[in-house]
Structures are given as C-alpha cells and as structure tokens.
Protein chains: 2
Amino acid sequence: MAGREAVSVTAPLYQLKAEFFRTLGHPVRIRVLELLSQREHAVAELLPQVGVEPAHLSQQLAVLRRANLVVGRKEGSSVRYSLTSPHITGLLTVARTILTGVLTGQAELLQDLRAVAPETGPPPHQPHQPRQPQPS
Amino acid sequence: MAGREAVSVTAPLYQLKAEFFRTLGHPVRIRVLELLSQREHAVAELLPQVGVEPAHLSQQLAVLRRANLVVGRKEGSSVRYSLTSPHITGLLTVARTILTGVLTGQAELLQDLRAVAPETGPPPHQPHQPRQPQPS
DNA sequence: TTACCAATTGCAAACATTAGCAACTGAAGG
DNA sequence: CCTTCAGTTGCTAATGTTTGCAATTGGTAA
C-alpha cells in the first residue's frame with residue numbers, strides 16, 4: 001500500500017495534476033467519461049458500449065471512483081454511475097480541440113514529407129499556416 | 001458477428017485522447033507545460049525550476065515533442081521551447097478547477113470521518129458547499 | 001431455501017513507463 | 001587542434017499499470 005496515499009494534503013499541486021491526468025489516460029476510462037458526459041449510465045449499459053468484460057470495466061470504474069471523478073448509486077440490482085463534476089465534460093471538449101490541432105499538425109508534416117519528390121531538390125519547407133476546421 | 005467493432009479503420013478517437021492525457025500524466029511534464037504557459041523557456045531555464053537532472057528533463061521534453069505539444073527552436077548553443085497550442089494553457093486551468101472540486105470533496109469526506117465520534121451516532125453528511133479559490 | 005444475475009474484488013502474469021548513468025552531438029572559446 | 005558547455009540519446013534496473021481468471025458480495029426471483 002505504499003504508493004498511493006488516499007488524500008495527501010501536502011503533495012505538490014503539479015503532482016496531483018499529473019495523477020489526475022494519468023487517471024484519464026486509459027481508453028476505457030475515457031470512453032466511460034464520454035458516455036457519462038451525455039447522461040447517467042448503469043454498468044450494464046456501459047458494458048456493450050465499451051466492449052470489455054465486466055471485471056475489467058469494474059476495475060476502471062473503481063479507478064475513476066477513487067479519483068472522485070464519478071459516483072455510483074445503487075438502484076435495485078444495478079449501479080448507476082454519473083460524473084461528479086460537469087467541468088469534466090468541458091475538459092474532454094478542450095482536449096478534443098487540442099487533439100484536432102495536434103493531428104492537423106501531424107497531417108501537415110506528412111504532407112510535407114510527401115511533397116518532397118523522390119530525386120528532386122531540397123524540401124521546400126512551407127511556412128506553416130494554422131487551420132480552421134474542427135470536425136467531430 | 002455483429003457487436004464489438006473497432007469503430008474506425010484508424011485509431012479510435014478515444015484511444016488518441018487516452019494517449020494525449022497519458023502524455024500529461026507526469027509531474028515533470030506538467031511542470032514544464034505550466035512554465036511554458038507563461039512564456040518560452042530555454043532548457044537551461046527550465047532545469048532549476050523542475051529540479052531534475054538534464055538527461056531526465058530532456059527525455060520528458062522528447063515525450064512532449066513527440067506528442068506535438070511543444071516545439072524546440074535552436075538559438076545559439078541553447079534550445080528554447082514553447083507550446084504548440086495556447087489551448088493547452090486553458091486545459092491546465094480547467095484541470096485545476098476540477099482538481100479543486102475533487103479535493104474539496106475529499107476534504108469533506110475526511111471531515112465526515114473525523115466527525116464520527118468513537119462511539120456516538122452515524123455520520124452527519126453535510127450537504128455540499130462549493131469551493132474557495134486556490135493558489136497555483 | 002436454492003439459483004441466478006449484476007457488479008465487484010484479489011491475485012499474478014504480461015506489459016509499459018520511469019529514472020539514473022554513461023556516451024554522444026554540435027556549437028563556442030581558448 | 002583541444003576543452004567546455006548545452007542538450008540529447010541509449011541502455012537497463014526498478015517501478016507502475018493493465019488485464020484475465022477465479023472467487024465473492026448483494027439483490028432478486030422461483
């Protein structure tokens with residue numbers, strides 16, 4: 001039990017931020033948070049959407065619970081999960097915006113590479129113009 | 001055969017998002033991004049601020065470079081780094097907001113635990129009062 | 001009661017990341 | 001030339017995370 005302290009009052013803020021982002025750094029957990037951004041979901045509803053076996057989903061839900069990003073509420077024989085903060089939805093949106101930019105940058109880089117003709121002169125290296133669109 | 005389909009030919013979006021967040025999930029990298037949020041910094045300027053040995057910082061900068069979150073520009077014998085997107089600054093801000101809420105929630109939980117006298121009644125569970133600003 | 005279903009937990013193997021050290025490149029100065 | 005400084009890269013032991021399986025809990029129905 002050494003590594004993870006439940007609530008460290010003294011941990012530096014950037015350490016906490018890193019742990020926070022690390023919590024988001026898993027496909028299943030992202031998927032869950034996106035689904036919960038739309039509305040509350042029972043585990044049985046999440047299961048087919050994320051396509052992993054129940055035990056695995058439960059583990060990842062536990063991670064999100066420990067990080068206080070979601071809460072589970074028992075209802076009959078099932079458990080319904082929801083976000084603890086609406087800001088999380090915003091965070092995912094901003095992340096997508098950045099990701100779009102990053103991918104655009106990489107696409108441009110690819111194009112630059114492709115623009116270099118096999119045996120002709122040196123790479124032109126166009127001066128970099130940012131992009132407009134943001135698809136889903 | 002219907003059912004679990006990988007959704008996209010290329011990497012699914014939530015996979016990319018997870019990788020993106022994982023990139024942020026390290027104290028040194030967070031520290032660097034925060035410093036670069038203020039202004040451009042040379043590696044030699046970052047070094048004393050983050051307090052790790054040069055090789056380690058270089059590795060973490062390489063991670064951020066590969067993720068296309070920062071760019072390095074050689075200037076004389078030093079390298080100056082800057083963010084590729086101003087949105088990153090916003091992301092860190094939103095993250096702090098969420099983190100503040102999360103920590104507030106945990107603090108309340110601690111207080112609840114503390115409020116339970118050794119042999120007296122059940123935990124009172126106060127109804128949730130929103131937060132107070134917090135320093136960087 | 002027993003059986004079943006939804007969800008969770010514990011554990012160990014497979015996997016990925018981190019951090020420290022030595023070696024290397026490239027530029028500036030003697 | 002040689003030396004030094006700023007950064008980077010390669011390698012590897014230590015560490016942390018993921019994930020599949022078995023066992024478990026708690027609720028519901030027969």
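These values consider heavy atoms only, across backbone and side chains, with no hydrogens, waters or symmetry-generated copies. Just so we're on the same page: letters track the sequence lines, and every chain starts at 1. On a predicted model such as this, the values are computed, not experimentally measured, just so you know.
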| Selected nucleotide, minimal atom distance to B:Ser58 side chain, candidates C:dA16, D:dT8, C:dA7 | D:dT8

| remark: One should read off an interatomic distance between A:Leu24 CG and B:Leu24 CG, to the nearest 0.5 angstrom, of 9.0 Å

| remark: Applying side chain to side chain donor-acceptor pair (under 3.5 Å) to A:Thr89 and not counting sequence neighbours gives A:Ser37

| request: Would you mind reading off the distance between B:Gln15 atom CD and C:dA16 atom P, rounded to a whole angstrom? | output: 12 Å

| task | Apply side chain to side chain contact (heavy atoms under 4.5 Å, CB included) to A:Val79 and list each qualifying residue two or more places apart in sequence or on a separate chain. | result | A:Val43, A:Lys74, A:Tyr81

Which pairs would a plain distance check flag for residues 46-61 of chain A, meaning a side-chain donor or acceptor within less than 3.5 Å of a matching protein atom at least two apart in sequence or in another chain?
from	atom 1	to	atom 2	distance (Å)
A:His56	NE2	A:Gln60	NE2	3.1
A:Gln60	OE1	A:Arg29	NH1	2.6

| How long is the line joining CD of A:Glu45 and P of C:dA7, in whole Å? | 9 Å

| Value in whole Å for how far the C1' atom of D:dT17 lies from CG of A:Leu24 | 15 Å

| said: Please report the distance, rounded to the nearest Å, between CG in A:Leu57 and P in D:dT19. | reply: 12 Å

| task | For each nucleotide in nucleotides 19-25 of chain C, reading 5' to 3', give B when a protein heavy atom comes within less than 4.0 Å of its base, S when such contact involves only the sugar-phosphate, and - otherwise. | result | BBBB---

| field | pair B:Ser82-B:Val71: side-chain heavy atoms closer than 4.5 Å | value | yes

| message | Return a single string for nucleotides 24-30 of chain D, one symbol per nucleotide in 5' to 3' order, where B is base contact, S is sugar-phosphate-only contact and - is none, cutoff 4.0 angstrom on heavy atoms. | response | --SSS--

| said: Measure CZ/A:Arg66 against P/D:dT17 and give the value in whole Å, please. | reply: 10 Å

| task | Quick one: which residue pairs count as a salt bridge (Lys or Arg N to Asp or Glu O under 4.0 Å) with a foot in residues 57-67 of chain B, not counting sequence neighbours? | result | none

| request: With the side chain of B:Ala62 defined as its heavy atoms from C-beta on, choose the nearest nucleotide among C:dT18, D:dT9, C:dA7. | output: D:dT9

| field | B:Arg73: partners by salt bridge (Lys or Arg N to Asp or Glu O under 4.0 Å), with sequence neighbours left out | value | B:Glu40, B:Glu75

| said: Suppose we screen for side chain to side chain donor-acceptor pair (under 3.5 Å). Which residues come up paired with B:Gln38, at least two apart in sequence or across chains? | reply: none

| query | What's the CZ-C1' distance between A:Phe21 and C:dT17, to the nearest Å? | reply | 18 Å

| field | B:Glu19 CD to D:dT18 P, straight-line distance once rounded to whole Å | value | 13 Å

| said: My understanding is that only residues two or more places apart in sequence, or in another chain, count here; which of them pass side chain to side chain donor-acceptor pair (under 3.5 Å) with A:His26? | reply: none

| query | Counting only side-chain N and O atoms of B:Arg80, is one of them less than 4.0 Å from OP1 or OP2 of D:dA6? | reply | no

| Rounded distance in Å - CZ (A:Arg22) to P (C:dT17) | 10 Å

| request: Ignoring the backbone of A:Tyr81, work out which of D:dT18, D:dG16, C:dT8 is nearest its side chain. | output: C:dT8

